[in-house]
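The figures that follow rest on heavy atoms only: side chains count, while hydrogens, waters and symmetry mates do not.
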Amino acid sequence: SQTIHQWPATLVQPVGSPLSLECTVEGTSNPNLYWYRQAAGRGLQLLFYSVGIGQISSEVPQNLSASRPQDRQFILSSKKLLLSDSGFYLCAWSPPHSGELFFGEGSRLTVL
Amino acid sequence: DAKTTQPPSMDCAEGRAANLPCNHSTISGNEYVYWYRQIHSQGPQYIIHGLKNNETNEMASLIITEDRKSSTLILPHATLRDTAVYYCIVRALTGGFKTIFGAGTRLFVKA
């Protein structure tokens, strides 16, 4: 069966520090991968999605970036965090020709 | 931008059916309707999807109008654990993979 893992689950970072969130999917190949962010009390904002290795589409211009170095690995990064980057970050995957999304457990980021 | 419209919140009595509406008047012929729900502090969970026929699974039923411009998610016997935010989404299976979530409907199931 397919599983998705993302880490770390919780982190507190100072403003200006770097960020790296990692997501891996097991049990499938060539998944579509997604990063979403959810600010407190708000809806889900699509940040990035990827249909293959090295193929990243950005939805919102910001100081975040995403990379897909391997088929089932998706990384969200920042060189310098802002206070507004605080939120709940969710990684998700879908089969290549399916609209059904499967979400990870989420990473809660607090920028101080 | 989300292509669906949902009421911001709804209440339902425990044990009664919860009927959650969604308007998607600009839906294209190749777009499916998907429903997810998000329980507090968790990632969204897939519930059901359909193209034009009504669908039912162990969690819910999906009723899509004949013109496909709106749909209703039905939780037949709501429990307290069904309290969550419910998202209605439309997307095609080809030609693009963006999945945009709107604000959803916050369902409160009350004892």
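Between Glu100(A) and Tyr34(B) the shortest heavy-atom distance is N-CE2, 3.5 Å. Of all heavy-atom pairs spanning Leu101(A) and Tyr36(B), the tightest one is N-OH, 2.6 Å.
For residues 67-83 of chain B, an interface with chain A (any heavy-atom pair closer than 4.5 Å) does not exist. Within residues 42-62 of chain B, the residues having any heavy atom less than 4.5 Å from a heavy atom of chain A are, in residue-number order, Gln42(B), Gly43(B), Pro44(B), Tyr46(B).
The CD atom of Glu105(A) sits 13.5 Å away from atom OG of Ser41(B), with the distance rounded to the nearest 0.5 Å. In this structure, the separation between CD1 on Ile100(B) and OH on Tyr36(A) is 6.0 Å, given to the nearest 0.5 Å.
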Apply side chain to side chain contact (heavy atoms under 4.5 Å, CB included) to residues Tyr34(A) and Thr99(B) and explain how you reach the verdict. CA-CA 9 Å; Tyr34(A) 305 80; Thr99(B) 301; 4.1 Å; yes

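By the criterion of side-chain heavy atoms lying less than 4.5 angstrom apart, applied directly or through intervening Ile, Leu, Val, Met, Phe, Trp or Tyr residues, Leu21(A) is grouped together with Val25(A) in one hydrophobic cluster. Residues Tyr89(A) and Leu83(A) share a hydrophobic cluster, clusters being chains of Ile/Leu/Val/Met/Phe/Trp/Tyr side chains in contact below 4.5 Å. A single hydrophobic cluster is seen to contain both Ile64(B) and Ile27(B), as judged by linkage of ILVMFWY side chains at heavy-atom distances under 4.5 Å, directly or through other members. In the hydrophobic clustering of ILVMFWY residues, with side-chain heavy atoms under 4.5 Å counting as a link, Phe102(A) and Phe101(B) come out apart.
For chain B, no part of Gln45(A) is nearby; none of its heavy atoms comes within less than 4.5 Å.
With a 4.5 Å cut-off on side-chain heavy atoms, Leu44(A) and Tyr87(B) count as touching.
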